[in-house]
J.: 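Here it is, the structure, as C-alpha cells.
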Amino acid sequence: MTLSAREQYRILADSVAEILPEDEFVAKLERSVQTGVPLRVKLGCDPSRPDLHIGHAVVLEKLRQFQELGHQVIFIIGDFTAMIGDPSGRSKTRPALTLEETKANARTYLEQVGILLDVSRAEIRHNSEWLAGLTFAEVIRLAAQVTVSQMLERDDFHDRFEREQPIALHEFLYPLAQGLDSVHVRADVEIGGTDQRFNFLLARELQKHAGQEPQAIVLMPLLEGTDGVQKMSKSLGNYIAVLDSPREMFGKAMSIPDTLIVRYYRFATFATAEQAQQMEQQLQAGTLHPRDAKALVAERLVARYHGDDAARHAREEFDRMFRHKQLPDEIEIVELELAHPVSVVDALVAAGLVPSKSEARRLIAQGGVSVDGDRVTDIAARLAEQSEFTLKVGKRRFVRLRLRSR
RNA sequence: GGGCGGGUUCCAGAGCGGUCAAAUGGGGCAGACUGUAAAUCUGCUGGCGUGAUGCCUUCGGAGGUUCGAAUCCUUCCCCGCCCA
C-alpha cells in the first residue's frame, strides 16, 4: 500500500514547523517510492530524562506517520553522552549516569514511546556503540570539521557568549556527537523540535565529510508549556507527562491560558488543520465557550493516553471538584498514629499536605484550609475527638486522615 | 601569568557595619472574582513558635575584627571579561 511520493509528502509535511531542505526531502521520498527502499528516519533520545511529556508527543506522532508509510524509524539512545553528563546550559548539576541507570531509563523511555508508536518495528541503537571507542585523535579530526564561529551561530551559545556566561568547551562536542550518530546510522531524515535546527544541520556537514548524502531535516513545533509562555519542559515544571494520571492530565490541560487552546487542540490532541481552524472561528464568533473548548481539548488528550472512559470520568470529576466545589470521588487515605488532641497544623504536616508548620499556619491564616468542609480560621485549632477527617488545602489537595490511637 | 568584575533566599537581582530573614521582578502557594487549576485583583512565600517588638539557621567555604557582619579583613574554592 505504498503511497505516491506526493501523497506521502502531503501527509508528512502537515503540521511541521519546517523541512530542510524541502527539495531534498521530496527527492528522497521519490527515490524511496521508486526503489522500494524505506527512508531511515532518526530520532535521538536523551536517557537522562526518561519522562515523556506531550510536547515530545508532537514529534513522536510525526514519527508514527513515517512508520505507517513504511519507513524505518531509528531511535538513538544517547547513552554515551548521558554517561558523561550533559552540561548543557545552566542546569548546574546533571550528574553523570551509570550504565545501569542509562539502561533503565532507556527502557522506561521506550515503554512510553510504545504508547504512541510501534517500537518493535523500530531500530534501536545506542550511541556508545560508536562513540565510546573513538580515540582522541579521531575526536580532534572530528572537531576540525567545524569552526568556532560556526558553533557560536547556535542560538544558545551565541546568547550565552554575548551575556558573558560560561560555555564549557565540551559543550561544543555534543552537537558533534549527535551529528556522528546521523553518520553512523546513515540517516536519511532526522526529526526533532525546532530547537534542534543547528544540531541537525551540523549533522549534514558531518555526513558530507563522510561522503554520505546529507539527511533531510523535519522540525516540529515546540509546544508551549501549561504556563503558556515557555516551551514545555520538565525542568520548568510546566509539562503534562504522558504518564500523568487522567485527573492530573485533565486538570493541567484546563490550566492552560485561553490563548493556547487551539494550539493544544492541534498539536497535543492532533486535531486536523480544518478542525483547529473551525474551533478558532467558533471561539472568535463566541459560539464556543473557551471553557468548553478547553474541556474538549482536555478530554481528547486524556482519551488518547487513557481511553475514552477515563477521559469522560476525568471530566466529570473536574466539574465536580472545581465547578461545584465538591470532593473528588477518590481521596488518598493517610493513616497516622497521633495522640489526641491533635492540632490542625500538626495534622497537615503529618499528612504530608504541607512541608512545614509555618507553611500550614500561613495557609490557615489565608483561609486555605478546611477540615470536613469547614474552613479553619484559627491557627491554634485542634481536631475534634474523632478518628477520621477530610483535610483540604487549597482547591485541589485532599487527604482523608485516619487516626489510630496508640 | 597580569588586570578588572562577580559568587545573596526557588530563579533573576538589590543591599555594602546595626532599622536585614534581607528591596524589586519572576515563579510558587492562598484568597476574592469567574467560565476552569484562564484572565484580573489582593495577600503570603527560611524554620520553630505564639495573646509576642520571641527564638534559631541562612547571603560561595573556613577563620578573624567588632558590642554587632550579607556588608570590613585574611585565606581558600568557583565563575565571567580583558590583556599576555
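Naming: A, B, ... by sequence-line order, numbering from 1 per chain.
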J.: Looking at B/C48, B/A38, B/U45, which one has an atom nearest to any side-chain atom of A/S356?
T.: B/C48
J.: B/G15 and B/A23: how far apart are their P atoms, nearest whole angstrom?
T.: 13 Å
J.: May I ask you to verify whether the side chain of A/Q366 and the base of B/G43 hold a donor-acceptor pair under 3.5 Å?
T.: yes
J.: Show your reasoning for whether side-chain contact (heavy atoms from CB on, under 4.5 Å) applies to A/Y109 and A/L52.
T.: CA-CA 7 Å; A/Y109 181 92; A/L52 286 187; 3.5 Å; yes
J.: Using a 4.0 Å heavy-atom cut-off across all strands, classify A/R362 as base, sugar-phosphate, or nothing.
T.: sugar-phosphate
J.: Using a cutoff of under 3.5 Å, can you pull out all pairs of nitrogen or oxygen atoms linking the protein to nucleotides 78-84 of chain B, with atom names and distances?
T.:
from: B/G80; atom 1: O2'; to: A/E164; atom 2: O; distance (Å): 2.8

J.: How many Å lie between CD on A/E317 and P on B/U36, as a whole number?
T.: 16 Å
J.: For A/I256, report the nucleic acid contact type (base, sugar-phosphate, nothing); a contact means any heavy atom under 4.0 Å.
T.: sugar-phosphate
J.: Looking at A/E205 and A/K208, is there a salt bridge between them, counting it only when a charged N and a carboxylate O are closer than 4.0 Å?
T.: yes
J.: Which nucleotide, in any strand shown, forms a Watson-Crick or G-U wobble pair with B/A30, with both distances under 3.5 Å?
T.: B/U42
J.: Please determine if A/R312 and A/E316 form a salt bridge, counting it only when a charged side-chain N lies under 4.0 Å from a carboxylate O.
T.: no
J.: When rounded to the nearest 0.5 angstrom, what is the spacing between CG in A/L176 and CD in A/Q145?
T.: 8.0 Å
J.: How about A/R6: does its CZ atom have over 12 heavy atoms from other parts shown lying under 6.0 Å from it?
T.: no
J.: Whole angstroms only, please: what is the CD1-C1' distance between A/I261 and B/G35?
T.: 10 Å
J.: Taking the C1' atom of each, how far is B/C10 from B/A21, in whole Å?
T.: 15 Å
J.: For nucleotides B/A37 and B/G28, find the distance between their C1' atoms and express it as a whole number of Å.
T.: 13 Å
J.: For nucleotides B/U19 and B/C72, find the distance between their P atoms and express it as a whole number of Å.
T.: 16 Å
J.: I need the minimum non-hydrogen distance between A/V354 and A/A360, along with the two atoms involved.
T.: CG2-CB, 3.7 Å
J.: Between A/K103 and A/E100, does any side-chain N to carboxylate O distance fall below 4.0 Å?
T.: no
J.: Does B/U9 have a Watson-Crick or wobble partner in any strand here, with both distances under 3.5 angstrom, and which is it?
T.: none
J.: Identify whether any heavy atom of A/R397 sits under 4.0 Å from a base atom; if not, whether one sits that close to sugar-phosphate; answer base, sugar-phosphate or nothing.
T.: sugar-phosphate
J.: Which whole-number value in Å describes the distance from A/L260 CG to B/G35 P?
T.: 22 Å
J.: Name the pairing partner of B/C81, where a pair is Watson-Crick or G-U wobble with both distances under 3.5 Å, or state none.
T.: B/G3
J.: Could you tell me how far apart A/Q326 (CD) and B/A37 (P) are, to the nearest whole angstrom?
T.: 14 Å
J.: Is any side-chain N or O of A/K395 under 3.5 Å from a base N or O of B/U34, one able to act as donor and the other as acceptor?
T.: no
J.: What integer distance in Å separates A/K252:NZ from B/A38:P?
T.: 15 Å
J.: Please report the distance separating the P of B/C16 from the corresponding atom of B/G60, rounded so that it comes out in whole Å.
T.: 16 Å
J.: For A/L363 and B/U45, give me the distance from atom CG to atom C1', rounded to whole Å.
T.: 10 Å
J.: Within the structure shown, what part of the strands sits under 4.0 Å from A/K392 by heavy-atom distance: base, sugar-phosphate, or nothing?
T.: nothing
J.: Please state the P separation for the pair B/A14 and B/U24 - nearest whole angstrom.
T.: 15 Å
J.: Minimum heavy-atom separation for A/V302 to A/F250, with atom names?
T.: CG2-N, 3.8 Å
J.: Mind checking the C1' distance from B/G17 to B/C67? Whole angstroms is fine.
T.: 12 Å
J.: Measure CZ/A/F318 against C1'/B/U36 and give the value in whole Å, please.
T.: 4 Å
J.: Mark up nucleotides 49-56 of chain B, 5' to 3', with B wherever a protein heavy atom is under 4.0 angstrom from a base atom, S wherever such an atom reaches only the sugar-phosphate, and - elsewhere.
T.: BS------
J.: RNA chain B: A/T259 or A/V369, which has the more 5' nearest nucleotide?
T.: A/V369
J.: Is any side-chain N of the basic residue among A/E61 and A/R304 closer than 4.0 Å to the acidic one's carboxylate O?
T.: yes
J.: For nucleotides B/U66 and B/C11, find the distance between their C1' atoms and express it as a whole number of Å.
T.: 34 Å
J.: Report yes if at least one side-chain N or O of A/R396 is closer than 4.0 Å to OP1 or OP2 of B/C29; otherwise report no.
T.: yes
J.: Any chance you could measure A/I77, atom CD1, to A/L110, atom CG, to the nearest 0.5 Å?
T.: 4.5 Å
J.: Mark yes when over 12 heavy atoms from residues, nucleotides or ligands other than A/D155 sit less than 6.0 Å from its CG; otherwise mark no.
T.: no
J.: Hey, which of A/E190, A/Q207, A/R204, A/Q212 is the one that makes side-chain hydrogen bond (donor to acceptor under 3.5 Å, both in side chains) with A/S182?
T.: A/E190
J.: In the strands shown, is B/C48 matched to any nucleotide by a Watson-Crick or G-U wobble pair with both distances under 3.5 Å, and which?
T.: B/G54
J.: Please round to the nearest 0.5 Å and tell me the distance separating atom CG of A/L43 and atom CG of A/D181.
T.: 11.0 Å
J.: Can you tell me the Watson-Crick or wobble partner of B/A21, both distances under 3.5 angstrom?
T.: none
J.: For A/T226 and A/Y239, work out which heavy atoms get closest and say how close.
T.: OG1-N, 4.4 Å
J.: Calculate the interatomic distance between A/D319 atom CG and B/U36 atom C1'; express it in whole Å.
T.: 9 Å
J.: Looking at every strand, decide which applies to A/G251 at a 4.0 Å heavy-atom threshold: base, sugar-phosphate, or nothing.
T.: base
J.: Tell me which residues in residues 283-298 of chain A lie within less than 4.0 Å of RNA chain B, going by non-hydrogen atoms.
T.: A/H289, A/P290, A/R291, A/K294
